[in-house]
Amino acid sequence: MSKVNNLASIIGPTAVGKSEISLYVAQGLDAEILSCDSMQVYKGMDIGTAKVSPQKQMEVKHHLIDIVNPDQEYTVVDYQTDAQKLIKQLNKNNTIPILVGGTGLYYQAVVDDYTFYPMETRNEIREKWEQVISEKGLEYAYEYLKKIDNDYAKIISNNDQRRIIRAIEVYEITGKPFSTMQNLNPDKYNLSSVGLYLERQELYAKINNRVLDMLDNGLIEEVIILRKNGYNQDLKSMQSLGYKQICYYLDGFLTKEQMISEIQRDTRRFAKRQFTWFNKDKRITWFDVGKHTNKEKLVEKILKHMEGQLYKV
C-alpha cells in the first residue's frame, strides 16, 4: 500500500443503500467505516437517523456514531478534527478508512481539508434575523440565503436555523458568501470516492417506504423517550428530518397522516439537494444501484474500482 494518506468514501442521497453496500465493501478491503452523517453523532437518535445496528457495527468497526448527547453542540469543525485524526491513525495501521454517509458539508470538509477561519459574531444581526424568522418563518430566511449564497444553501438543511442565520450573518459582516470563506486542499488524501444513486422515482419510492418502516419500527416512541429525557424541539438535533414533524404531531399541530406526508416530502427534497451537491464533485465515480439487482456484482465493481486507486506500487 502507498505511504500516502489513503481515504475511500461511499456517498449519495438518503435511502439509496449506502450502509448495506459499505459493509460488504469494508469487509472486502479489511477497512473501517467513518460515519459521514451529521445526525448519527447523537446518542439515542437511532431509528430516525437509520443507524447501522449494533450487530452490524460489530461485524465492521464504525466510528463517529453516538459520540455526543442531543443537547450538545457538535460542529463541522469538530467533525473534521475527529475524522482526520481517525484517518491518520487508520492509515498508520495500514487500514483503509471509508467515509460513509450523505452530509455534504462534512464530506467536503474532510476530503478537501477545509481551513475554517474564525469569524466575528454580531448579536444585533443574529437577533434581527431571529425576529425576521419569528415573523416571516424560517423558509423566508432560507430563500434569502439561496439568493446570497446558493452553494452553501444547497448543502445545509432548510430547517437548520443556526447555520442559516450564521451564513447570513457572515455575509452581512463581510459582504462575501460564507461558502467562499474557506481554503481548500483537495490533494491531502489519495481519494477513491464512490457515489450511489437511483433514478428519481425509484429513490422517492424507497424514501416513502423507509419513512413508513421507521414509524413501524418505533420512531414515534423514540421521539417520546427523547422528549422525556429533556431533549425538546428547540435543539438543533430535534429539528432534523422526522423528529421535528413527530414533535408537531405529538403536540397536536399535525395529524398522523400530515406528519407522515411531511416527513416523506421533506426527505425527498433533502435527497435532491444531496445529489445536487455531490454531483458537482467530479472525483466521484457513480454507480446506479437500480441497475445492479445482484448486490455481489455491484460490490465487486466498487472493490475493483477502489483497489485500483488505493493500492499503488
Side-chain angles (χ1 to χ4, degrees), residues 14-15 19 34-54 56-57 62-83 101-106 121 126-127 129-130 133-134 137-139 141-142 155-167 207 210-256 258-267 269-270 274:
T14 188
S19 295
L34 280 62
S35 170
C36 188
D37 188 300
S38 63
M39 300 310 301
Q40 291 190 359
V41 299
Y42 295 112
K43 300 173 184 177
M45 304 182 74
D46 304 329
I47 300 170
T49 64
K51 285 178 188 171
V52 175
S53 69
K56 296 295 185 183
Q57 290 188 45
H62 284 63
H63 302 271
L64 302 175
I65 294 176
D66 293 334
I67 56 177
V68 294
N69 292 320
D71 59 350
Q72 292 178 264
E73 183 176 8
Y74 190 81
T75 69
V76 62
V77 177
D78 294 325
Y79 177 81
Q80 181 194 54
T81 301
D82 291 344
T103 301
L105 184 59
Y106 280 24
T121 61
R126 294 192 176 193
E127 291 169 1
W129 278 96
E130 286 171 356
I133 290 169
S134 176
L138 186 55
E139 184 177 355
Y142 183 72
I155 62 173
I156 65 171
S157 168
N158 60 348
N159 294 317
D160 195 338
Q161 179 170 322
R162 184 178 64 84
R163 284 199 174 104
I164 291 170
I165 291 178
R166 178 58 174 156
I207 287 171
R210 188 164 82 158
V211 169
L212 296 177
D213 288 341
M214 286 178 170
L215 293 168
D216 287 342
N217 291 330
L219 180 54
I220 293 175
E221 291 75 14
E222 181 171 273
V223 175
I224 290 172
I225 292 171
L226 287 164
R227 283 159 55 112
K228 284 182 177 178
N229 289 335
Y231 303 123
N232 59 49
Q233 197 174 338
D234 294 333
L235 297 171
K236 171 193 165 187
S237 58
M238 295 294 283
Q239 284 287 316
S240 60
L241 279 170
Y243 294 90
K244 181 179 82 166
Q245 292 87 349
I246 290 174
C247 286
Y248 283 144
Y249 162 67
L250 293 172
D251 290 335
F253 295 109
L254 293 175
T255 67
K256 189 170 185 178
Q258 289 171 330
M259 176 263 291
I260 293 171
S261 178
E262 288 198 10
I263 297 174
Q264 291 173 329
R265 179 200 66 195
D266 290 350
T267 306
R269 290 175 177 175
F270 176 57
Q274 286 176 300

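- Taking CZ of Arg269 as the reference point, atom OG of Ser157 lies at 11.5 Å (rounded to 0.5 Å).
- Between atom CD of residue Gln72 and atom CG of residue Leu235 there is a gap of 11.0 Å, rounded to the nearest 0.5 Å.
- Summarising the geometry of Gly44 relative to Lys51, their closest heavy-atom pair is N-NZ, 4.2 Å, with the distance given to 0.1 Å.
- The two residues Ile47 and Met214 have their closest heavy-atom pair at O-CE, 3.3 Å.
- Shown here for Ile133 and Ala141, the closest heavy-atom pair between the two residues is CG1-CB, 3.8 Å.
- Contact check for Lys256 versus Leu215: no side-chain heavy atoms found under the 4.5 Å cut-off.
- Note that the CG atom of Asp71 and the CG atom of Asn232 stand 9.0 Å from one another [nearest 0.5 Å].
- Ile207 and Ala15 get closest at one heavy-atom pair: CG1-CB, 3.7 Å.
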After noting the C-alpha distance and the side-chain angles of Leu250 and Ile220, does the key distance pass the side-chain contact (heavy atoms from CB on, under 4.5 Å) rule?
CA-CA 9 Å; Leu250 293 172; Ile220 293 175; 4.2 Å; yes
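- Side chain of Gln274 to main chain of Gly102: a donor-acceptor pair is present (N/O by atom type, distance under 3.5 Å, no hydrogens or angles).
- Taking the side chain as every heavy atom from C-beta outward, Asp37 and Tyr42 never approach each other to under 4.5 Å.
- Between the side chain of Glu262 and the backbone N or O of Met259 there is no donor-acceptor pair closer than 3.5 Å.
- When the shell of 6.0 Å around CD of Glu139 is examined, it contains 12 or fewer heavy atoms from other residues, nucleotides or ligands.
- Summarising the geometry, atom CD belonging to Gln57 is positioned 4.5 Å from atom CD1 belonging to Ile65; distances are rounded to the nearest 0.5 Å.
- Between Cys36 and Tyr79, the closest side-chain pair of non-hydrogen atoms falls below 4.5 Å.
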Show the numbers, then the answer: is there a side-chain contact (heavy atoms from CB on, under 4.5 Å) between His62 and Ser35?
CA-CA 7 Å; His62 284 63; Ser35 170; 5.9 Å; no
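- Atom OG of residue Ser237 and atom NZ of residue Lys43 lie 13.0 Å apart, to the nearest 0.5 angstrom.
- Using a 4.5 Å cut-off on side-chain heavy atoms (C-beta onward), Asp82 and Leu34 make no contact.
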After noting the C-alpha distance and the side-chain angles of Asn158 and Leu138, does the key distance pass the side-chain contact (heavy atoms from CB on, under 4.5 Å) rule?
CA-CA 8 Å; Asn158 60 348; Leu138 186 55; over 6 Å; no
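- The CD atom of Glu130 sits 12.5 Å away from the CZ atom of Arg162 when rounded to the nearest 0.5 Å.
- Side-chain contact of Gln258 with Tyr249: a donor-acceptor pair under 3.5 Å is absent, judged by distance alone.
- At a cut-off of 3.5 Å, with distance as the only test, no side-chain donor of Asp78 or Thr81 sits close to an acceptor on the other residue.
- Put simply, the side chain of Gln239 never gets that close to the backbone of Asp234: no donor and acceptor are under 3.5 Å apart.
- Panel note: side chain Gln264, backbone Val211; no donor-acceptor pair is recorded below 3.5 Å.
- Contact annotation: the side chain of Thr103 never approaches that of Met39 to less than 4.5 Å [non-hydrogen atoms, C-beta and beyond].
- Using a 4.5 Å heavy-atom threshold, the side chains of Glu73 and Lys236 count as separate.
- Side-chain contact check for Leu219 versus Tyr243: some heavy-atom pair is nearer than 4.5 Å.
- No salt bridge links Asp266 with Lys244; every basic N to acidic carboxylate O contact stays at or beyond 4.0 Å.
- Contact of the Arg166 side chain with the Ile156 side chain is not registered, since no non-hydrogen atoms from C-beta on lie closer than 4.5 Å.
- Side-chain atoms of Gln40 come within 3.5 Å of backbone N or O of Thr49 as a donor-acceptor pair.
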Run Ser240 and Met45 through side-chain contact (heavy atoms from CB on, under 4.5 Å) and show every step you take.
CA-CA 10 Å; Ser240 60; Met45 304 182 74; 4.0 Å; yes
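- Side-chain contact annotation: Thr267 with Arg210, donor-acceptor N/O pair under 3.5 Å absent.
- Closest approach of Pro70 and Leu226 over heavy atoms only: CG-CD2, 4.1 Å.
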